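Below, chain A is the first sequence line, B the second, and so on; all start at residue 1. Small disclaimer: the values here were computed from a predicted structure and weren't measured.
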Amino acid sequence: MELSKNFEPGPIEEKWYQHWLQKEYFKSTPDHREAYTIVMPPPNVTGVLHMGHCLNNTIQDVLIRNARMHGKNACWVPGTDHASIATEAKVVAMLRERGIAKSSLSREEFLAYAWEWKEKYGGIILQQLKKLGCSLDWDRTSFTMDKDYYDSVIKVFIDLHQKGMIYRGKRMVNWDPVSQTALSDEEVIFKEVDSKLYYVQYQLAEDPSKHITVATTRPETILGDVAICVNPADERFENWVGKEVIVPLINRKIKVIADEYVEADFGTGALKITPAHDKNDHLIGTKHHLPIIDTLDATGKFTSVDLMPEQPSAQVLSYNGMDRFALRKKIVEDIEAIGKLEKTESYKGQVGTSERTGAVIESRLSMQWFMNMQLFMQKKPQTLSSVMQDEIQFHPAKTKNTYSHWMENIKDWCISRQLWWGQRIPAWYDAEGKCVVAANEASAKEAYKKEFGSEIQTLRQDEDCLDTWFSSWLWPMEVFKGISQPNNAEINYYYPTTTLVTGQDIIFFWVARMIMAGYEYKNDLPFKDVYFTGMVRDKQGRKMSKQLGNSPDLLGLIEQYGADATRFGIMIAAPAGNDLLFDESALEQGRNFNNKMWNALKLIKMWEGKQAPSSSTDNQFALDWFEQRLQQVKSEVQELMQQYRLSEALKTIYSLIWDDFCSWYLEWVKPGFEQPIDPAVYQQTISFYTELLQLLHPFMPFITEEIYHLLDKRSEDLCVRQAQTAQATKPAILEKGLLLKNAITGIRDVRNRQQIKPKETISLHIQTAQSDLYQSIESILGKQINSSSIQYADHSVANTFTTVIGKDTFYIESLQPINATQQKEELVKELNHLKGFLQSVEKKLSNEKFVQNAKPEVLALEQKKQSDALAKIQVIEDSLASIG
RNA sequence: GGGAGCAUAGCUCAGUUGGUUUAGAGCAUCUGCCUUACAAGCAGAGGGUCCGCGGUUCGAACCCGUGUGCUCCCA
């Protein structure tokens with residue numbers, strides 16, 4: 001069989017993925033084994049794969065494949081999220097392009113378009129995950145708007161409403177005037193913007209010659225002013241509190257009030273209070289029983305509806321329908337025209353924007369549905385305590401702080417959204433606005449009768465739908481039908497799931513709420529471990545974004561480097577919870593690693609037809625040593641996997657394959673040119689390589705499966721091959737391996753420094769007290785340093801290069817002329833280093849307090865350091881003396 | 001304004017309750033090699049005031065305080 005020069009990933013990936021699917025390796029059904037369950041954080045149904053998904057899903061696949069190879073019943077559930085805001089925004093944009101306005105459509109018509117869109121683009125992302133090699137149980141693919149899922153969300157809403165944890169109320173919400181919906185605090189992004197601070201004068205009602213100046217960034221809300229507030233301790237305004245001032249343009253008389261909320265240092269120390277348009281103003285307004293005057297409509301345009309009782313002037317009425325930003329300009333002009341604008345300053349302020357539409361958020365009073373979080377937390381304190389007491393383990397642990405801080409300051413969750421794409425709120429109203437909550441119209445009518453005592457003919461259902469997170473918080477349960485069919489066999493087997501892998505940015509949106517739902521509906525935690533990934537950033541540490549164009553095309557990368565190399569590149573640089581700085585050179589490293597393994601395969605295949613038994617035991621040490629290294633690394637890797645230190649586990653395997661296996665082991669057992677290999681060594685090498693492939697498989701599934709099958713005839717696939725537990729190691733062999741490596745490296749260093757040509761052989765003389773140790777590794781040593789002979793000496797050898805390794809001295813005989821001065825310099829340098837080291841050790845040992853206080857093993861170690869250093873100094877001094 | 005986190009080689013990061021040879025790895029760099037598996041490679045090397053200052057301790061990259069810089073979350 002002819003193997004290509006380099007590894008070619010493309011066709012192999014397709015071949016193996018289809019094979020695994022056909023063998024149903026990814027399929028899971030409950031059985032006697034322990035379940036290892038991961039539910040995939042469902043991506044937006046119309047989303048495309050980006051670097052964040054790549055990181056996230058590669059990690060999950062590594063965990064799932066590792067579990068599958070360790071006797072677990074591995075179940076990884078795929079799915080998508082209907083993502084109400086994002087998807088509806090996309091559909092609205094699509095319709096707009098076709099010249100259709102959402103407002104011209106009925107709810108049913110709009111939803112028909114939305115489903116059409118979902119069928120067309122939904123699930124592309126799941127297909128892309130196959131390219132990455134993700135071993136998902138595709139038969140379990142779920143969608144948060146599947147029939148059962150939808151009904152479960154409604155069921156939960158009704159249930160929580162009955163339990164008194166969901167209520168309806170007028171609240172200050174973050175209003176997005178573009179998508180005309182309320183947003184949760186978490187969906188609002190604060191941005192620093194350059195704005196202006198306008199200094200506006202309010203005349204004193206009783207004496208128009210006096211005025212108070214207010215600094216505001218939002219003059220367009222001035223017509224909604226109901227008070228001026230100052231700090232009670234502010235002496236400047238002592239005489240003003242309780243008096244009336246006049247709001248410019250509208251000439252409304254309002255009171256000056258005092259509240260500690262106002263900071264005397266900011267602006268002029270006087271704050272205008274507009275309860276309809278600012279959260280804090282609303283708080284103060286409520287506290288001081290002030291009226292609320294709303295001057296902006298749902299689209300952010302001026303409306304005089306609330307002003308009508310005051311009979312506004314023609315000027316004020318002319319503002320009607322003006323957009324908030326145009327209005328700001330106009331009002332500033334008009335205030336200036338009446339001489340009430342004192343000055344304007346530029347100001348850097350924070351402004352909230354919508355995560356989805358980018359629009360500047362308005363604080364707005366509106367009727368919304370809320371979940372009472374304080375009440376919930378009183379009922380299910382486990383939501384917090386399970387995390388703090390590590391029943392649910394967060395990785396990295398520092399994320400616990402973030403979690404507890406949020407949970408302890410939890411605010412009510414606004415769960416209604418002014419959207420159509422999503423679960424429609426099961427609330428029904430009569431003409432007067434009286435409300436009942438029920439699953440459908442018929443039961444709503446029944447409920448109405450029960451509650452209000454009269455029959456009703458027509459009820460109108462709430463137009464709004466539920467926050468997306470109000471459906472995804474049920475994800476770990478409802479993918480197993482845990483809500484729609486409680487206590488079915490699957491939910492009881494797979495739940496609690498084992499591990500959740502997700503981004504830190506949705507710890508509150510999603511992780512916290514799944515924990516809540518878990519305790520409420522299953523009385524159990526939803527997962528045992530949470531692995532938080534960081535954000536994927538570019539090389540310069542910038543967030544990846546469409547605007548910056550720094551987000552690489554993932555499928556292009558897979559095409560270019562292969563899925564395995566892509567997985568390698570992202571995993572090698574991804575410590576838990578830290579941001580990942582994506583650098584394409586890591587993928588190159590992954591591709592090079594593929595080639596390295598491919599070439600190791602080629603070497604071993606060359607031996608296939610060239611074998612002859614040998615009586616020589618020259619290779620015995622290489623076999624013994626690599627066996628030990630393998631066992632050692634195997635247990636290290638399992639340890640690291642258990643601690644979720646995946647990138648370190650990969651690094652460890654990488655170095656075992658590249659350095660220990662390829663650079664040391666294969667070179668040690670490689671026969672000379674045209675020489676046959678011993679069949680036992682050949683077989684052992686295949687067995688070693690097989691184990692290495694098995695270790696690496698979770699990280700790089702395609703190439704490992706391919707090489708595994710090329711290496712030998714196999715009756716099973718690597719994908720489901722069960723791992724053997726690591727055996728205890730023999731330290732003596734590992735130590736001897738270290739000695740051998742050090743000797744080889746040390747002598748090669750001398751060859752390099754002395755410019756001894758690679759092809760030129762040398763003669764080696766070893767002066768050592770442990771010559772029997774060297775004899776068993778002599779043939780490997782000789783081969784690796786290209787020596788023609790190795791002898792043992794009990795004294796220095798003239799006309800040689802001298803180097804000291806460990807406690808042994810090596811004399812290297814070659815054709816190169818000897819430079820005694822240079823040799824001396826090098827030895828002296830080494831000697832000085834050792835003497836410095838010895839000094840620091842002796843300083844410790846001569847310290848009485850150290851000797852008294854240090855643990856015995858620490859003391860013994862220091863004493864060993866001392867004697868070792870002394871012995872080595874002696875050896876170097878002898879060598880120096882012999883050079884003369 | 002409130003809270004959290006981070007700072008170790010040119011870059012990305014390890015460093016497990018303070019003691020493991022006067023700090024480790026990968027990448028990058030430099031030197032020498034087209035050695036019959038691999039130049040996408042091999043062999044070897046150099047490179048650090050562990051952010052500054054102060055403290056605790058026999059002993060600090062690690063603990064405490066403080067300053068500086070960066071990041072994130074919440075107002």
[N] and [M]: how far apart are their [atom1] atoms, nearest whole angstrom?
{"N": "B/G67", "M": "B/A25", "atom1": "P", "answer": "37 Å"}
{"N": "B/G10", "M": "B/G19", "atom1": "C1'", "answer": "31 Å"}
{"N": "B/A60", "M": "B/U49", "atom1": "C1'", "answer": "15 Å"}
{"N": "B/A9", "M": "B/C30", "atom1": "C1'", "answer": "15 Å"}
{"N": "B/G52", "M": "B/C62", "atom1": "P", "answer": "10 Å"}
{"N": "B/G1", "M": "B/U8", "atom1": "P", "answer": "27 Å"}
{"N": "B/G65", "M": "B/U57", "atom1": "C1'", "answer": "16 Å"}
{"N": "B/G32", "M": "B/U71", "atom1": "P", "answer": "43 Å"}

Tell me the interatomic distance from [X], atom [atom1], to [N], atom [atom2], rounded to whole angstroms.
{"X": "A/Gln504", "N": "B/C74", "atom1": "CD", "atom2": "P", "result": "13 Å"}
{"X": "A/Gln589", "N": "B/U12", "atom1": "CD", "atom2": "P", "result": "15 Å"}
{"X": "A/Asn832", "N": "B/U21", "atom1": "CG", "atom2": "P", "result": "21 Å"}
{"X": "A/Met407", "N": "B/C74", "atom1": "CE", "atom2": "C1'", "result": "16 Å"}
{"X": "A/Glu735", "N": "B/U21", "atom1": "CD", "atom2": "P", "result": "14 Å"}
{"X": "A/Ile572", "N": "B/A14", "atom1": "CD1", "atom2": "P", "result": "13 Å"}
{"X": "A/Trp406", "N": "B/A75", "atom1": "CH2", "atom2": "P", "result": "11 Å"}
{"X": "A/Phe837", "N": "B/U22", "atom1": "CZ", "atom2": "P", "result": "5 Å"}

Using the test ring-ring contact (aromatic ring centres under 6.0 Å, His included), find all partners of [X] that sit at least two apart in sequence or belong to another chain.
{"X": "A/Phe626", "answer": "A/Phe661, A/Tyr665, A/Phe688"}
{"X": "A/Trp607", "answer": "none"}
{"X": "A/His833", "answer": "none"}
{"X": "A/Trp175", "answer": "none"}

* Using the benzene-type ring in the case of Trp, are the ring centres of A/His395 and A/Tyr531 under 6.0 Å apart? -> no

* Would you check if the distance from the ring center of A/Phe593 to the ring center of A/Phe568 is below 6.0 Å? => yes

* **From OG1 (A/Thr690) to CD1 (A/Ile707), nearest 0.5 Å** => 10.5 Å

* Structure fact -> Residues passing the side chain to side chain contact (heavy atoms under 4.5 Å, CB included) test with A/Gln839, sequence neighbours excluded, are none

* Asked: For RNA chain B, which ranges pair as stems of 3 or more consecutive Watson-Crick or G-U pairs, with both donor-acceptor distances under 3.5 Å?
  -> B:1-7 with B:68-74, B:10-13 with B:24-27, B:29-33 with B:41-45, B:51-55 with B:63-67

Below 3.5 Å between N/O atoms, which protein atoms pair up with nucleotides 2-8 of chain B? Just atom names and distances, please.
residue	atom	partner	partner atom	Å
B/G5	OP1	A/Asn401	ND2	3.3

* At under 4.0 Å between heavy atoms, what does A/Asn594 touch on the DNA or RNA strands: base, sugar-phosphate, or nothing? -> nothing

Looking only at the side chains, is there a donor atom on one of [X] and [Y] sitting less than 3.5 Å from an acceptor on the other?
{"X": "A/Gln643", "Y": "A/Glu639", "result": "yes"}
{"X": "A/Tyr644", "Y": "A/Gln393", "result": "no"}
{"X": "A/Arg591", "Y": "A/Gln560", "result": "no"}

* Any salt bridge between A/Asp868 and A/Lys807, counting N to O under 4.0 Å? -> yes

* **Pair A/Lys670 + A/Glu667: basic N to acidic O under 4.0 Å** => yes

Please write out each protein N/O paired with an N/O of nucleotides 55-64 of chain B under 3.5 Å, distance rounded to 0.1 Å.
residue	atom	partner	partner atom	Å
B/C58	O2'	A/Asn847	ND2	2.4

* To do: Among residues two or more places apart or on two chains, list those pairs meeting salt bridge (Lys or Arg N to Asp or Glu O under 4.0 Å) that have a residue in residues 838-849 of chain A.
  => A/Lys844-A/Glu862

* For the student: nearest non-hydrogen atoms of A/Leu827 and A/Ile876, plus distance -> O-CG2, 3.8 Å

* Asked: Of the residues in residues 855-864 of chain A, which ones touch RNA chain B at a heavy-atom distance under 4.0 Å?
  -> A/Val858, A/Leu861

* **Any pair counted as side-chain hydrogen bond (donor to acceptor under 3.5 Å, both in side chains), so long as it reaches residues 752-761 of chain A, sequence neighbours left out** => A/Asp749-A/Arg753

* Asked: Could A/Arg629 and A/Trp664 be counted as a cation-pi pair, given that NZ or CZ must be under 6.0 Å from the ring centre and within 45° of the axis?
  -> no

* Side chain of A/Lys651 only, please: which of B/C13, B/C73, B/U22 is the nearest? => B/C13

* Selected nucleotide, minimal atom distance to A/Phe508 side chain, candidates B/C73, B/A14, B/U22 -> B/C73

* Taking A/Ser655 for the side chain and A/Lys651 for the main chain, is one N or O donor matched with an acceptor at less than 3.5 Å? -> no

* To do: Scan nucleotides 34-44 of chain B nucleotide by nucleotide, 5' to 3', and note B when protein non-hydrogen atoms come under 4.0 Å of the base, S if they reach only the sugar-phosphate, - if neither.
  => --BBBSBSSBS

